Every structure is written in structure tokens, then in C-alpha cells.
Enquirer: 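Sharing a structure, written as C-alpha cells. Questions coming.
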Protein chains: 2
Amino acid sequence: MFKLSRAGEYALRGVVYIASKNVDDAVHVAEIAKCQNVPEYFLVKVFSRLVRNGIIHSIRGNKGGFRLSKKPENISVYDIITAVEGPLNLNDCFICKNSSKCKMKPVWDEAKEKMMEVLKQHNIADVA
Amino acid sequence: MFKLSRAGEYALRGVVYIASKNVDDAVHVAEIAKCQNVPEYFLVKVFSRLVRNGIIHSIRGNKGGFRLSKKPENISVYDIITAVEGPLNLNDCFICKNSSKCKMKPVWDEAKEKMMEVLKQHNIADVA
DNA sequence: ATATAATAAGACTAATAAGGTCATGTAAGT
DNA sequence: ACTTACATGACCTTATTAGTCTTATTATAT
């Protein structure tokens, strides 16, 4: 019920890595993959989701790479996870779907809310 | 990252069903499966985990079935989910495993804690 | 005692989702 | 132009979840 995907983990580690190298040059995905020991092609795919969600931005071509779009302290753990895994909703329970007054739905919503709060409170500067 | 399994959902619905029939007779799994529109064999398996974890108890043989081990108000949503899915731990991140000082671990722990709290606060009597 | 009705447990299969790879395209710097 | 690097989507592989079936075991009723 509560497990981070590899994609989410790689995204976090990748962003932390970029943040840690506070250089003006963009960082190559190949370098990140190698240093973090994650599959490069897969990381490319994960990063593309971060780009689409405005968390990092890419520079193509020679001397290209990735750079953070905002300061590390303005990127929350929540931002990264939802960018990669999509919005956190598990409310596809049978009862929810078939009745507007499913008694479990408020419980899920509350649990999700509390969890999201924590993930929003922590940013990349904290965990780098 | 946050999704209830079918097993978890069936378990919840099954327990709620038993609670709703406040009779002294044990309730057959076949009846529950039929009324809840859930695969019977699968529900048997799910229920066996609830038995092992002391949430319901079983009466075998003719006129057998399942009965709650405690009052509905003493069975939390958390109890049922962890009985069926095992303990909620997602802390198998690469960094956690390879370093005792993984900066993400406290975040996961806190998020998990907050979520568990909510699930513990709600019981079967609430959601029945 | 025996037949019957129920759960127990685990092997097995099917379906779905996650993880990973690859080929082709596009953009930018030299 | 050529090289280097990201973009994208198709594809394959592996792992997990969901579901089924078979063979016990247990208890009740007759």
C-alpha cells in the first residue's frame, strides 16, 4: 500500500545528485547514471517526466545535460514523486466507485492528505 | 506509492459484512463472496490471513463459518490492512540499504507514521 | 461410524504492472 | 556537416498481484 517505485527513487537520487554539483554546467544523464549506479536509458525516461513537470530542464546537443529549474529548497519530495508516479490517488475501491457515500473514502483521503503534507514539507536541500 | 490491494479491499469489505450481520451464527465465506461479489476462493485465502492475525476466527465443519474475534469498534482499518498486506514498510531504498545515514529515511518514516495514525484511528464500526 | 459441509493450506496459472532496452528522431554547439 | 546529447515511443522482460484448483482437515448431524 505504501511503496516507492524505482522510478521515484531514481528521480530523487538524480535530482539530489544534480543539486549536489552546484556548477553552472548542465549535468549529463550518463554521468548521473554511472555515479548513481542506475540504468541509463531508464533514467532518461524518468528524467523526461521531471522535465515535463518543470522540475528540471534540459539542454540538448553538445555540452547539453540537465539542470534544476528551481532552487533545491523550492523542490519538494512530493513534487518529484508526483511528477514521476502521477497523482497519489488510490480511491478506486469498489464501493467508492459504486456509491457516492463510501464510508472508506474519507479515511483514504485523510491518510493521503497527511502523507502528502509530510512529503511537501521536505525539500531537496534538506535531503541532499 | 499509495494504493490498496484487492486483497486489502476484499478483507475490509468482508469484515464490514460480517460486522453488519450482528448474528450469533458464523457467516459462511460463500455467502460473503456472493453478496460482496468477490471471488470466493480468493476471499478464503484473504480470510485465512485475518484468522492468523487474530482479527476473525473460524469455525470449521458443518454450520461453520467466520466470526469477528473482537467488537467492530476494536478492529481498526490499520489492523486489517497490515494483516493482509504485511507491515507497511517501503524503506528499501538503495541509499537506506547502503548507508546508515540516508537522508530520505526519516521522511519515509514520518510519512508512514502519519498515515498509520489515520488508519489506526478508524475502526470497523465507523465504516460499516 | 459415516456422510456432509465447511475452513486450511499450498501449488499452480493468468493477468497486470513495473522495470528496463533499443531504435529513431530532434536540437545545439563546434 | 558532424558530433554529442536529450526526446519519444515501441518493445521486451521480470516481478508482483490476482485468481483458481486440489487435497487435506475439522466438526456437525444423522
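So that the names make sense, note that chain A is the first sequence line, chain B the second, and so on, each numbered from 1. The structure presented is a predicted model; accordingly, all values stated were derived computationally and were not measured.
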Enquirer: Starting from the 5' end of DNA chain D, give me the residue, B/N62 or B/Y10, whose nearest nucleotide shows up first.
Expert: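 Checking each residue's closest nucleotide, the 5'-ward one belongs to B/Y10.
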Enquirer: Tell me the interatomic distance from A/L4, atom CG, to C/dA18, atom P, rounded to whole angstroms.
Expert: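 Nearest whole value for this atom pair: 12 Å.
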Enquirer: Could you give me the CA-CA distance, side-chain angles and deciding distance for B/Q36 and B/Y10, then say whether side chain to side chain contact (heavy atoms under 4.5 Å, CB included) is met?
Expert: CA-CA 8 Å; B/Q36 293 288 313; B/Y10 295 165; over 6 Å; no
Enquirer: Base, sugar-phosphate, or nothing: which does A/F47 touch, judged by heavy atoms less than 4.0 Å apart?
Expert: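 It contacts nothing in the nucleic acid.
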Enquirer: Could you give the NZ-to-C1' distance, from B/K63 to D/dT30, as a whole number of Å?
Expert: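 Computing the B/K63:NZ to D/dT30:C1' distance gives 13 Å.
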Enquirer: Classify B/R52 by what it touches in the nucleic acid, base, sugar-phosphate, or nothing, heavy-atom distance under 4.0 Å.
Expert: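 Sugar-phosphate contact only.
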Enquirer: Does the B/K70 side chain pair with the main chain of B/I75, one donor and one acceptor, at a distance under 3.5 Å?
Expert: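 No; judged by distance alone, with no hydrogens or angles, the pair does not exist.
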Enquirer: Send over the distance from A/D25 CG to C/dA28 C1', rounded to a whole Å.
Expert: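 Between C1' of C/dA28 and CG of A/D25: 15 Å.
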Enquirer: Step by step, work out the side chain to side chain contact (heavy atoms under 4.5 Å, CB included) result for B/I124 and B/L12.
Expert: CA-CA 8 Å; B/I124 292 304; B/L12 266 165; 4.2 Å; yes
Enquirer: I need the CZ-C1' distance between A/F42 and D/dT8, as an integer number of Å.
Expert: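 Taking CZ of A/F42 and C1' of D/dT8, I get 15 Å after rounding.
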Enquirer: Answer yes or no: does a side-chain N or O of A/S58 lie under 4.0 Å from OP1 or OP2 of D/dA5?
Expert: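 So the side-chain polar atoms of A/S58 never come under 4.0 Å of the phosphate oxygens OP1 or OP2 of D/dA5.
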Enquirer: Could you tell me how far apart B/H28 (NE2) and C/dA8 (P) are, to the nearest whole angstrom?
Expert: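 Going from B/H28 (NE2) to C/dA8 (P), I get 13 Å.
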Enquirer: Could you state the CD-C1' distance from A/E9 to C/dG20, rounded to the nearest angstrom?
Expert: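 A/E9 atom CD is separated from C/dG20 atom C1' by 15 Å.
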Enquirer: With side chain to side chain contact (heavy atoms under 4.5 Å, CB included) as the criterion, how do B/R67 and B/H57 come out once you've worked through the C-alpha distance, each side chain's angles and the decisive distance to 0.1 Å?
Expert: CA-CA 6 Å; B/R67 210 180 284 165; B/H57 82 271; 4.2 Å; yes
Enquirer: Mind calculating the distance between CG (B/L43) and C1' (C/dA6) to the nearest angstrom?
Expert: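 Atom CG in B/L43 sits about 14 Å away from atom C1' in C/dA6.
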Enquirer: For D/dC6, take OP1 and OP2 only and decide whether either is under 4.0 Å from a side-chain N or O of A/Y41.
Expert: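 Answer is no, no contact under 4.0 Å.
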Enquirer: Give the rounded distance in Å between these two atoms: CD of A/E40 and P of C/dA23.
Expert: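 Between P of C/dA23 and CD of A/E40: 14 Å.
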Enquirer: Measuring to OP1 and OP2 of D/dT4, would you say a side-chain N or O of A/R60 lies under 4.0 angstrom away?
Expert: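 Checking D/dT4 against A/R60, no side-chain N or O comes under 4.0 Å of OP1 or OP2.
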Enquirer: Does the C/dG10 base have a donor-acceptor partner in the side chain of B/K45 within less than 3.5 Å?
Expert: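 No, the side chain and the base share no sub-3.5 Å donor-acceptor pair.
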Enquirer: With the side chain of B/R6 defined as its heavy atoms from C-beta on, choose the nearest nucleotide among C/dG19, D/dG19, D/dA5.
Expert: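 Selected nucleotide (nearest to the side chain): D/dG19.
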Enquirer: Closest approach of B/L88 and B/K112, non-hydrogen atoms and distance?
Expert: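 Heavy atoms of B/L88 and B/K112 come nearest at O-CD, 2.5 Å.
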Enquirer: Please tell me which of A/I59 and B/A30 maps to the more 5' nucleotide of DNA chain C, matching each residue to the nucleotide holding its nearest heavy atom.
Expert: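 Per heavy-atom nearest nucleotide, the more 5' residue is B/A30.
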